[in-house]
J.: 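Handing you this structure, nothing more for now.
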Amino acid sequence: ADITDFVTAGKENELSLKMEKSDGLGAFVRFRGAVDDACIFAVPENYIERMRLHTDFDSKYTDATLNLWLKLSENNPGSVKISFTDKFGKKLAVSPSTIKLPSGMTEFKYDLKVRKPKKWDAEHPNLYKMTLTLCDASGKVTETIERNYGFREIERQDNRVFINGQEVKFRGLWGGPDARQLRDMNINHTRQKWATEAFLDSCDVLGVYVLDENSVDFAKFGPEHDPQYAYQWLSLIEDKIERGYNHPSIVIWSM
């Protein structure tokens with residue numbers, strides 16, 4: 001939610017949040033109020049609205065093509081710089097590492113070549129710190145985003161799932177609020193209906209596969225088939241995918 005028009009810079013601002021059940025699928029959402037983490041942050045006038053990363057490995061699962069999908073809030077004929085650093089501070093070879101943005105567009109897709117990245121899976125949760133820097137036409141930095149990223153490719157053959165070319169067996173349970181406890185129980189998979197950003201971050205770090213599910217419970221009395229409520233389904237899934245797309249731990253989306 002963009003609250004720019006309702007705050008005064010440099011002064012204390014009070015934000016009130018009202019939550020109430022609605023028609024349709026709202027009757028089937030486990031209603032518990034705003035009990036999870038929430039945050040408010042400021043962005044520059046021209047900022048990155050969407051940043052999606054997707055890994056495609058070669059046939060030997062050695063080198064990778066990284067698909068980068070960017071969407072800016074407004075046209076910016078500048079450039080984007082991207083880098084990856086492992087936990088020891090060693091930089092990963094990425095080509096190109098600087099991308100000149102075309103004018104007259106706000107949404108772009110690029111393919112980057114990555115040489116021999118360490119692969120991410122539950123047994124080897126190798127993460128890189130990704131730094132994405134947005135610059136204007138003069139070269140001035142306007143925004144910098146840092147995220148953990150794990151290189152992994154998911155494939156399905158009939159009822160078999162492969163991650164980085166290796167078949168995976170999911171051993172898991174419904175729920176579980178602590179990724180460390182899950183790993184200590186030799187569990188590599190969890191089905192989550194209300195996963196927080198912090199929980200997903202911990203699954204990335206510790207190596208837990210996540211089924212990320214929307215918050216509708218047992219909608220089986222009509223609204224799930226009613227076209228007028230389709231926007232509610234789509235909105236829930238859209239927000240969930242947009243938030244979690246770059247988490248290597250998320251391997252399944254669920255309705």
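Note: hydrogens, waters and symmetry copies are ignored here, and every other heavy atom, side chains too, is used. Model, not experiment: these values are computed from the prediction.
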J.: Flag yes if M51 and V94 sit in one hydrophobic cluster, no otherwise; membership is Ile, Leu, Val, Met, Phe, Trp, Tyr, and two members link when side-chain heavy atoms are under 4.5 Å apart.
T.: yes
J.: Measure from the side-chain N and O atoms of N13 to the backbone N and O of V7, and report whether any donor-acceptor pair falls under 3.5 Å.
T.: no
J.: Under 3.5 Å, side chain of T142 to main-chain N/O of D136, donor-acceptor pair present?
T.: no
J.: Between CG of L134 and CD1 of I82, what distance do you get to the nearest 0.5 Å?
T.: 12.5 Å
J.: Below 4.5 Å, heavy atoms only, C-beta onward: do L72 and N75 meet side chain to side chain?
T.: no
J.: Keeping the roles fixed (side chain from Q181, backbone from A179), state whether a donor-acceptor pair exists under 3.5 Å.
T.: no
J.: Please tell me if the side chains of P117 and V114 come closer than 4.5 Å, counting only heavy atoms from C-beta onward.
T.: yes
J.: With a 4.5 Å heavy-atom cut-off, do L92 and T85 have their side chains touching?
T.: no
J.: For F151 and F57, I'd like to know if the aromatic rings sit close, meaning centre-to-centre distance below 6.0 Å.
T.: no
J.: Are I250 and L206 grouped together when hydrophobic residues (ILVMFWY) are joined by side-chain heavy atoms under 4.5 angstrom apart?
T.: no
J.: If you round to the nearest 0.5 Å, how far is OG1 of T8 from CG of D5?
T.: 11.0 Å
J.: Ignoring hydrogens and angles, state whether a donor on the side chain of Y209 or T190 is under 3.5 Å from an acceptor on the partner side chain.
T.: no
J.: With rounding to the nearest 0.5 Å, note down the distance linking CE in M105 to NZ in K71.
T.: 11.5 Å
J.: Taking D63 for the side chain and K116 for the main chain, is one N or O donor matched with an acceptor at less than 3.5 Å?
T.: yes
J.: Are Q166 and N164 close enough that a side-chain donor and a side-chain acceptor fall under 3.5 Å?
T.: no
J.: Decide side-chain contact (heavy atoms from CB on, under 4.5 Å) for I154 and V161; before the verdict, give the C-alpha distance in whole Å, the side-chain angles of both, and the deciding distance to 0.1 Å.
T.: CA-CA 7 Å; I154 303 175; V161 175; 4.3 Å; yes
J.: Just wondering, more than 12 heavy atoms not from R180 lying within 6.0 Å of its CZ?
T.: no
J.: Can you tell me if NZ on K81 sees more than 12 non-hydrogen neighbours from other groups inside 6.0 Å?
T.: no
J.: Would you indicate whether the side-chain heavy atoms of N214 and K240 approach each other to under 4.5 Å?
T.: yes
J.: Got a salt bridge between E167 and K169, using NZ or NE/NH1/NH2 to carboxylate O under 4.0 Å?
T.: yes
J.: With a sphere of 6.0 Å drawn around CD of E242, does it hold more than 12 non-hydrogen atoms of other residues, nucleotides or ligands?
T.: yes
J.: Just to verify, which of S249, P125, C203 counts as forming a side chain to side chain contact (heavy atoms under 4.5 Å, CB included) with V208?
T.: C203
J.: Can you find a pair of side-chain heavy atoms, one from L132 and one from L70, that are under 4.5 Å apart?
T.: yes
J.: What's the verdict on salt bridge (charged side-chain N to carboxylate O under 4.0 Å, His left out) for E238 and R243, showing C-alpha distance, side-chain angles and the deciding distance?
T.: CA-CA 9 Å; E238 179 186 36; R243 180 191 73 159; over 6 Å; no
J.: Quiz question: by atom type and distance under 3.5 Å, do the side chains of W69 and E107 form a donor-acceptor pair?
T.: yes
J.: Please check if the side chain of D121 supplies one atom and the backbone of H124 the other of a donor-acceptor pair under 3.5 Å.
T.: yes
J.: So does K129 get a backbone contact from the side chain of N148, meaning a donor-acceptor N/O pair under 3.5 Å?
T.: no
J.: Can you get from V80 to F84 by hopping between Ile, Leu, Val, Met, Phe, Trp and Tyr side chains that sit under 4.5 Å apart?
T.: yes
J.: Looking at P44 and Y47, what are the two nearest heavy atoms and their distance?
T.: O-CD2, 3.3 Å
J.: List the steps, then state whether side-chain contact (heavy atoms from CB on, under 4.5 Å) holds for L53 with L68.
T.: CA-CA 5 Å; L53 301 170; L68 172 64; 3.4 Å; yes
J.: Start with the C-alpha gap between I237 and W253, add the side-chain angles, then the distance that decides, and say whether side-chain contact (heavy atoms from CB on, under 4.5 Å) holds.
T.: CA-CA 8 Å; I237 293 297; W253 306 102; 5.9 Å; no
J.: Verify, without hydrogens or angle tests, whether K119 (side chain) and T62 (backbone) share a donor-acceptor contact under 3.5 angstrom.
T.: no
J.: Looking at R50, I'd like to know if its CZ atom is crowded, meaning that more than 12 non-hydrogen atoms belonging to other residues, nucleotides or ligands lie closer than 6.0 Å.
T.: yes
J.: When you measure from the side chain of E143 to the backbone of I48, do you find a donor-acceptor pair of N or O atoms at a distance under 3.5 Å?
T.: yes
J.: In this structure, would M130 and Y128 fall into the same cluster of hydrophobic residues linked by side-chain contacts under 4.5 Å?
T.: yes
J.: Could you state whether F170 and I187 fall into the same hydrophobic cluster, counting links through intermediate Ile, Leu, Val, Met, Phe, Trp or Tyr residues with side-chain heavy atoms under 4.5 angstrom apart?
T.: no
J.: Tell me, yes or no, whether the heavy-atom count around E45 atom CD, taken from other residues, nucleotides or ligands under 6.0 Å, exceeds 12.
T.: no
J.: I'd like to know if the side chain of S235 reaches the main chain of Q232, judged simply by a donor and an acceptor atom lying under 3.5 Å from each other, with no hydrogens or angles considered.
T.: no
J.: What's the spacing between L127 CG and K118 NZ if we round to 0.5 Å?
T.: 11.0 Å
J.: Quick check on K100: does its NZ atom have over 12 non-hydrogen neighbours (other residues, nucleotides or ligands) under 6.0 Å away?
T.: no
J.: I need the F6 CZ to L15 CG distance, nearest 0.5 Å.
T.: 11.0 Å
J.: I'd like to know if the side chain of D111 pairs up with that of T65 as donor and acceptor (distance under 3.5 Å, no hydrogens or angles considered).
T.: no
J.: Dump the intermediate steps for side-chain contact (heavy atoms from CB on, under 4.5 Å) on R156 and F162, then the final yes or no.
T.: CA-CA 6 Å; R156 193 187 70 176; F162 296 79; over 6 Å; no
J.: Rounded to the nearest 0.5 Å, how far apart are CG of N126 and CG of D204?
T.: 12.5 Å
J.: For a quick check under 3.5 Å, do E153 and H54 share a side-chain donor-acceptor pair by atom type?
T.: no
J.: For S254, does its backbone N or O pair with a side-chain atom of D212 as donor and acceptor, under 3.5 Å?
T.: no
J.: Do I163 and V251 come close enough that some side-chain heavy atom pair is under 4.5 Å?
T.: yes
